[in-house]
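Note sheet for the following structure.
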Amino acid sequence: MLSESQKYINAFIQLVKNQKPLFLKDNRNEDLNQAKENFRETEDDLADDIIEWCAKYTDIDEALDQTREGLDVSGEMAGERTPGTTKLKAPPPPPPRKVSRETLLNAIQESFPNQST
């Protein structure tokens, strides 16, 4: 199961990769490229940095929360029996890959490659 910090980081990576228009509006991608240089290393610190940056943009902040909430429901009841049956539920998916600052920076660079570092 993902920690809260991992959920925030994974959700933000999903936004960067899949909802680019949110970041292209008002040159937010440039602001993100500047901010990423100060993102810290540990998962908890990195999640805090992401939350702080997103708080500046209401639509990104809301999208982050929605995306993060979607990650909450992954496989919590796996391995238990479905009520009224003798069959087991499908096994849970493999645990997600641990995220890091480097993973996030790579996602930003891939999504907005024309930015100077």
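It should be emphasised that the depicted structure is a prediction, and the values quoted were computed from it without experimental measurement.
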Legend entry - Full working for side chain to side chain contact (heavy atoms under 4.5 Å, CB included) between I60 and W53: CA-CA 9 Å; I60 293 177; W53 186 86; 3.9 Å; yes
Inset, instruction - Check step by step if side chain to side chain contact (heavy atoms under 4.5 Å, CB included) holds for N10 and K7. - result: CA-CA 5 Å; N10 281 334; K7 288 176 189 175; 5.9 Å; no
Legend entry - Donor-acceptor pair, side chain of S111 and main chain of V16, under 3.5 angstrom: yes
Inset, instruction - Flag the pair I50 / L64 as yes when at least one side-chain heavy-atom distance between them is below 4.5 Å, and no otherwise. - result: yes
Inset, instruction - Check whether any side-chain heavy atom of F112 sits under 4.5 Å from a side-chain heavy atom of K20, and report yes or no. - result: yes
Inset, instruction - Give a yes or no answer on whether the side chain of N33 reaches the backbone of N29 with a donor-acceptor pair at less than 3.5 Å. - result: yes
Legend entry - Closest heavy-atom pair and its distance - Q6, S3: OE1-N, 2.9 Å
Legend entry - Cluster overlap L32 with L105, hydrophobic side-chain contacts below 4.5 Å: no
Legend entry - Residue pair E43 / S5: nearest heavy atoms and the distance that separates them: O-CB, 3.7 Å
Legend entry - Rounded distance [0.5 Å steps], CD in E102 versus CD in E41: 9.0 Å
Legend entry - Those residues that, when tested against F39, pass ring-ring contact (aromatic ring centres under 6.0 Å, His included) (two or more places apart): none
Inset, instruction - Would you check, one step at a time, whether the test side chain to side chain contact (heavy atoms under 4.5 Å, CB included) holds for T67 with F12? - result: CA-CA 8 Å; T67 304; F12 191 67; over 6 Å; no
Inset, instruction - Would you name the heavy atoms of E37 and R101 that are closest together and state the gap between them? - result: O-NH2, 3.5 Å
Legend entry - Partner residues of D31 under the salt bridge (charged side-chain N to carboxylate O under 4.0 Å, His left out) criterion, sequence neighbours left out: K56
Legend entry - Heavy-atom pair with the smallest gap, counting every atom of A63 and Q19: CB-OE1, 4.0 Å
Legend entry - Nearest heavy atoms of K25 and R28, plus distance in Å: O-CG, 2.9 Å
Legend entry - Qualifying residue, where the test is side chain to side chain contact (heavy atoms under 4.5 Å, CB included) with Y8 and the options are L46, I13, D65, D44: D65
Legend entry - Closest non-hydrogen atom pair between C54 and D61, with its separation: O-CB, 3.5 Å
Legend entry - side chain to side chain contact (heavy atoms under 4.5 Å, CB included) between K36 and L104, intermediate numbers included: CA-CA 9 Å; K36 75 178 183 185; L104 174 61; over 6 Å; no
Inset, instruction - Only pairs at least two apart or in different chains count here, so list each salt bridge (Lys or Arg N to Asp or Glu O under 4.0 Å) that has a residue in residues 46-55. - result: R40-D49
